[in-house]
Q: 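I have a structure here, written as structure tokens, and I will follow up with some questions on it.
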Amino acid sequence: MEQRLANTWQMTVNEKKFIETALLSDLRVDGRRPFDYRRLIIKFGREDGLSEVQLGHTHVMGFVTSQLVQPYRDRPNEGTLAIFTEFSPMADPSFEAGRPGESAVELGRIIDRGLRESRAIDTESLCVVAGKFVWAIRIDLHILDNGGNLVDAANIAALAALSTFRRPECSLGGKDAQEVIVHPPETREPLPLIIHHLPIAVTFAFLGKDNIVVVDPTHYEEAVMGGRMTATVNMNGDVCAIQKAGGVGVMHSVIMQCLRIASVKAADMTTKIKNAVSTSLYAYSPQVESYKTERSQRMIKRHTSTAAVDVSEPSHKEINVLLRHHLERSTIRSGELIASSSNAMEIETQLSEQDEKQRDGGARTFIGGPSNWDPLSKGVDSDALKVSLASRGAVRANTKLEESKIENLDVFEQSHPLADVNPVPPLHEVAAIDLQTKGERTLKDAVKPKHKRKKKPSSKTDAS
Amino acid sequence: MEYVNPEGIREDGRRPLEMRHLHAEIGTVARADGSAVFEMGNTKVIAAVYGPREVQNRSQQLNDQALVRCEYTMPNFSTGDRMRKPKGDRRSTEISLVIRQTMEACILTHLMPRSQIDIFVQVLSADGGTRSACINAATLALADAGIPMRDLVTSCSAGYLNSTPLLDLSYFEDSAGGPDVTVGILPKLDKVTLLQMDARLPIDIFENVVQLATEGCKAVANYIHEVLLENTKQLEYRRGL
């Protein structure tokens, strides 16, 4: 049943008239044009599958987790997908703690329809043992601030979280190969979900007597609107879901026009999401960059543990190959998510990762004495280290980044061991020293540069 | 899996553009202000309307218009397998919201401020298209209760299987995983008030399917007009006019 509380904020007649009159001249209260979206910011957290989306004042967080469960009886070889919404009372005075209200359920179902029925996520790849074990993906959406148009923001948060989520790899083992062994991320690299397409939700509001259509309503416009329609479309021009739950009646032609506008907006939004998920140099934000590089660092950590065991005297070429392999793998993964990525983009991605690794390796390599298994037996170039530490502090300037990138390009392509003028330590040396330092407590903890986050407890146990 | 055989006949013997058999009765719940039973093939739905009456919860009272509440339930016996929770689950909450907002758009709520109109809909037998049947039943019940409305609201569903647009899906066709479009219109004003769709469809095929569902809605509207006309004649006869 519908619940309207006494403390619900009511719109005054003056405000309502103001909004409607302004719309007659194609003006919206926040200065946008009728079909413009608000500013979109997508951020990611430290863990895989955590995203934070801000669409104007609307703030939503999405979190994806997975669990091995028994499948449904009528779909024994498909994984499951469940969406849970949490309308926190801090977001809006009318939200109550406890059971989800009607709008929370509706939001969950709109996003669920867009993802599940349109087969955006490949559920058959989530099957481990047919009829016994499948992966159940759970998406939690928390509304932190209701600035209007929760559906679109929550949908973007869900898509961003799903794109960055990695599930553990598992294999069959034990007797009769019937036991499922779930490999922790330290031993085997977790796998991404297979996402066929990104269904983007675009919400339209119908305002005023003449049913003026606006895209992405703020909560003021939502309070005065006569009806709303959410169209979930993807970049290929397919309509994935539509929800127009009553409200004012509109002409059939208006609906088709809205769908056409929605497909244009969807293409735009898809590129924004894909850019945020991979590294974007033009919209350079520390969080995106450090998300990607944190992942690569964690990857390197995991793989260096295996590399140190296998190889006793790593040769110069082998280390290079190993590192290039890691870079390629991570770029291939990000390449999957980019529909049309240019070569320049990929190279830049590689370089930026490598850049970060080098700088980070620079801090970690301050050991004190030369490592005796270092093939070059030249030890650490302390001058280069000092310069790299200094450059770390000033690393956020774009120009500096581009400079070092150009130099890295030379280093990477030629695989040249030492470059005197290069302020960043060369690739292979860093790699060699990297492999060794994982077992020692390093001065990295004491140095603690600004943008470096605290190490994860799991990797700490790895190191010690 | 074949849903339309090569001769163009569906699983229950209908043609692709054919609706199921419609049947409606008015005044089935004696205690309610208005009630109706609506059948679309094997889907049978009963609706009861109470109102306009005093608001039960003072904090929810609206000073300038009537408060419309709606509850949609599917009893345990309505589906093939016995259901676990008849109401309160998410699907029922969403459909309650959808029906409420659809009827709220057509009821002239500003004529009845500070009052409450309750719509209760129960699905007695579910065979696909329960949402549409509920809206049609609610329209009839509201008309029976004499509540002023802008226009009737009629609803019908359509789908797209084996590359053919199909009108009025049954449960078997609905569970095929293909697209399911539910449309609710105001027939005299020719405006769309309810539109729900799931699964994927390219835009041009979607337009065809929506047009087909709208035609189905108009056919339902004609039938509802006849039923209401017949009911009014009966009332006149009983009053000796």
Side-chain angles (χ1 to χ4, degrees), chain A residues 1-8 10 74 83 85 99-110 112-114 116-120 196-197 199 211 226-234 236-256 259-260 262-263, chain B residues 57-63 67-71 88-106 118 135 150-151 153 175 177-186 189-207 209-211 214:
Chain A
M1 289 285 186
E2 182 223 333
Q3 283 162 16
R4 282 190 207 152
L5 300 177
N7 62 353
T8 310
Q10 295 274 5
D74 52 344
I83 300 187
T85 54
R99 277 195 66 210
E102 273 182 336
S103 41
V105 171
E106 190 193 7
L107 186 142
R109 281 189 62 91
I110 295 175
D112 185 71
R113 267 204 287 271
R116 184 207 305 271
E117 307 284 339
S118 65
R119 311 251 185 275
H196 295 302
H197 63 99
N211 286 342
R228 82 157 94 206
M229 181 170 91
T230 301
T232 308
V233 295
N234 70 7
N236 309 331
D238 294 331
V239 180
C240 298
I242 296 195
Q243 173 89 348
K244 183 189 187 308
V248 76
V250 291
M251 309 278 296
H252 180 78
S253 50
V254 171
I255 292 187
M256 296 316 296
L259 285 181
R260 281 187 275 275
S263 40
Chain B
N57 195 346
R58 266 301 167 81
S59 66
Q60 294 177 5
Q61 193 179 63
L62 295 172
N63 288 322
L67 180 70
V68 179
R69 299 200 314 168
C70 176
E71 194 181 81
D89 67 317
R90 300 161 103 209
R91 180 175 171 271
S92 300
T93 314
E94 195 215 349
I95 299 183
S96 304
L97 172 80
V98 164
I99 298 178
R100 174 173 65 81
Q101 288 186 306
T102 309
M103 306 323 293
E104 210 173 2
C106 78
D118 288 324
I135 290 177
R150 285 191 180 86
D151 194 357
V153 185
S175 53
D180 174 22
V181 178
T182 306
V183 174
I185 63 166
L186 303 165
L189 302 173
D190 201 15
K191 291 214 171 158
V192 177
T193 171
L194 167 70
L195 179 58
Q196 280 191 309
M197 189 206 123
D198 58 8
R200 245 191 312 180
L201 264 188
I203 290 192
D204 39 351
I205 299 180
F206 171 75
E207 192 170 357
V209 175
V210 168
Q211 292 280 24
T214 312

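In what follows, every chain begins at residue 1, and chains take the letters A, B, ... in the order their sequences are listed.
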Q: Enter the distance from B:E94:CD to A:R113:CZ here, rounded to the nearest 0.5 Å.
A: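 If we round to the nearest 0.5 Å, B:E94:CD and A:R113:CZ are 4.5 Å apart.
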Q: Is the closest side-chain heavy-atom distance between A:E106 and B:V98 below 4.5 Å?
A: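 No, every pair of side-chain atoms sits at 4.5 Å or beyond.
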Q: Return the option, out of A:R116, A:R260, A:Q243, A:R119, with the maximum number of heavy-atom pairs under 4.5 Å with chain B.
A: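 It is A:Q243.
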Q: Which bit of A:I255 comes within less than 4.5 Å of chain B, counting heavy atoms only: side chain, backbone, both or neither?
A: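 Only the side chain of A:I255 comes within 4.5 Å of chain B.
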Q: Relative to chain A, which segment of B:L97 carries a heavy atom at a distance below 4.5 Å: side chain, backbone, both, or neither?
A: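 Both parts, backbone and side chain.
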Q: What residues, two or more places apart in sequence or in another chain, satisfy side chain to side chain donor-acceptor pair (under 3.5 Å) together with A:H252?
A: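 Counting only residues at least two positions away or on another chain, A:H252 forms no side chain to side chain donor-acceptor pair (under 3.5 Å).
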Q: Which value, rounded to the nearest 0.5 Å, describes the distance between A:M256 atom CE and B:Q211 atom CD?
A: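 With rounding to 0.5 Å, CE (A:M256) is 8.5 Å from CD (B:Q211).
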Q: At a heavy-atom separation under 4.5 Å, does A:V239 approach chain B through its side chain, its backbone, both, or neither?
A: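 Its backbone and side chain both get close to chain B.
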Q: Using a 4.5 angstrom heavy-atom cutoff, name the option from B:A105, B:C106, B:A199 with the most pairs to chain A.
A: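 If we count pairs closer than 4.5 Å to chain A, B:A199 comes out on top.
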Q: Please classify the contact between A:T232 and chain B as side chain, backbone, both or neither, with a heavy-atom cut-off of under 4.5 Å.
A: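 Looking at A:T232, nothing touches chain B.
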Q: Please flag which part of B:R91 lies under 4.5 Å from any non-hydrogen atom of chain A: side chain, backbone, both or neither.
A: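 For B:R91, backbone and side chain are both near chain A.
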Q: May I ask you to test the A:M251-B:K191 pair for a side-chain heavy-atom distance under 4.5 Å?
A: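 SC-SC contact between A:M251 and B:K191 confirmed.
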Q: Are any non-hydrogen side-chain atoms of A:N234 and B:R200 less than 4.5 angstrom apart?
A: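 Contact flag for A:N234/B:R200 side chains = yes.
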Q: Could you state the interatomic distance from CG (A:D238) to CD1 (B:I205), rounded to the nearest 0.5 Å?
A: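 A:D238 atom CG to B:I205 atom CD1 measures 9.0 Å (nearest 0.5 Å).
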Q: Atom CZ of B:R90 and atom CG of A:D112: how far apart are they, to the nearest 0.5 Å?
A: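 It is 7.5 Å, given to the nearest 0.5 Å.
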Q: Looking only at heavy atoms and a cut-off of under 4.5 Å, which of B:V192, B:L194, B:T102 has the most pairs with chain A?
A: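 Heavy-atom pair counts peak at B:V192.
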Q: Just verifying a value: how many Å separate A:T230 OG1 and B:L195 CG, rounded to the nearest 0.5 Å?
A: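 A:T230 OG1 to B:L195 CG: 11.0 Å, rounded to 0.5 Å.
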Q: Just by modelled atom types, is the A:G247 backbone N or O under 3.5 Å from a matching donor or acceptor in the B:T193 side chain?
A: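 Checked: pair present.
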Q: Let me confirm one number: the CG-CZ distance from B:D198 to A:R109, rounded to the nearest 0.5 Å.
A: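 Nearest 0.5 Å value for the CG-CZ distance: 9.0 Å.
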